[in-house]
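Report on the following structure.
Here, residue 1 is the first one in the sequence, and each next residue gets the next number.
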Amino acid sequence: RFYLKTLFDHWSKELTIYNISFVNISPNMLNTKFNHFIDSSYLDIIKKQGGLSKKSDVTKQIEKIIYNSQLFNGKYIIV
């Protein structure tokens, strides 16, 4: 994650002169059809630790970024 954060910081500074914002949204594990291959006891542990993101939370964050792109420029957001 440190490498990605450094990369995003660099790109956001470099692309600002072209009026381009760069934001990374990194959700935790999402509850999708793919997860049915994963052992349910492991998924329960992840849920208890708050490690599952909701799709609605991710889309709300994307909407916030769209309307305030300069505010989030260069941010590495974990949803």
Side-chain angles (χ1 to χ4, degrees):
R1 285 189 175 178
F2 180 74
Y3 171 76
L4 292 175
K5 183 179 179 335
T6 304
L7 183 64
F8 303 140
D9 288 342
H10 176 73
W11 282 348
S12 68
K13 292 173 187 170
E14 197 171 285
L15 298 175
T16 300
I17 61 173
Y18 302 108
N19 200 25
I20 298 173
S21 297
F22 193 89
V23 181
N24 181 16
I25 300 174
S26 181
N28 291 319
M29 184 178 224
L30 292 169
N31 193 9
T32 64
K33 291 178 184 178
F34 175 76
N35 295 348
H36 78 275
F37 292 111
I38 298 173
D39 186 82
S40 62
S41 61
Y42 180 68
L43 289 175
D44 290 338
I45 292 170
I46 293 171
K47 288 177 188 176
K48 288 178 185 175
Q49 294 175 347
L52 280 180
S53 295
K54 296 179 184 176
K55 293 176 196 174
S56 61
D57 292 340
V58 176
T59 55
K60 286 178 188 175
Q61 187 63 47
I62 291 171
E63 288 176 357
K64 287 180 188 177
I65 291 168
I66 289 171
Y67 293 110
N68 298 303
S69 60
Q70 290 302 318
L71 179 67
F72 293 98
N73 188 28
K75 303 289 186 208
Y76 183 78
I77 301 169
I78 300 173
V79 179

Partner residues of Y76 under the ring-ring contact (aromatic ring centres under 6.0 Å, His included) criterion, sequence neighbours left out | F8
Is there a donor-acceptor pair closer than 3.5 Å between any side-chain N or O of S12 and the backbone N or O of N73?
-> no
Donor-acceptor under 3.5 Å (S69 side chain, I66 main chain) = no
Close side-chain approach of I77 to I65, heavy-atom, < 4.5 Å | yes
Any side-chain heavy-atom pair from M29 and L43 closer than 4.5 angstrom?
->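 Sidechains of L43 and M29: in contact.
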Separation of [Y] [atom2] from [X] [atom1] (nearest 0.5 Å):
X: K55; Y: K60; atom1: NZ; atom2: NZ; answer: 15.0 Å
X: L15; Y: H10; atom1: CG; atom2: NE2; answer: 8.5 Å
X: Q61; Y: I78; atom1: CD; atom2: CD1; answer: 11.5 Å
X: L52; Y: D44; atom1: CG; atom2: CG; answer: 9.5 Å

For residues 21-28, run the donor-acceptor check on the side chains, cut-off 3.5 Å, and write out each pair with its distance to 0.1 Å, sequence neighbours left out.
residue	atom	partner	partner atom	Å
S21	OG	Q70	NE2	2.8

Over all atoms of both residues, closest heavy-atom pair of L30 and V58 |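 Scanning both residues, the minimum pair turns out to be CD2-CG2, 4.2 Å.
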Taking a hydrophobic cluster as the set of Ile, Leu, Val, Met, Phe, Trp and Tyr residues connected by side-chain heavy atoms closer than 4.5 Å, whether directly or through intermediates, do Y18 and L7 fall within one such cluster?
->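 Result: yes, single cluster for both.
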salt_bridge(K13, D9) N-O dist < 4.0 Å |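 So K13 does not pair with D9 through a salt bridge.
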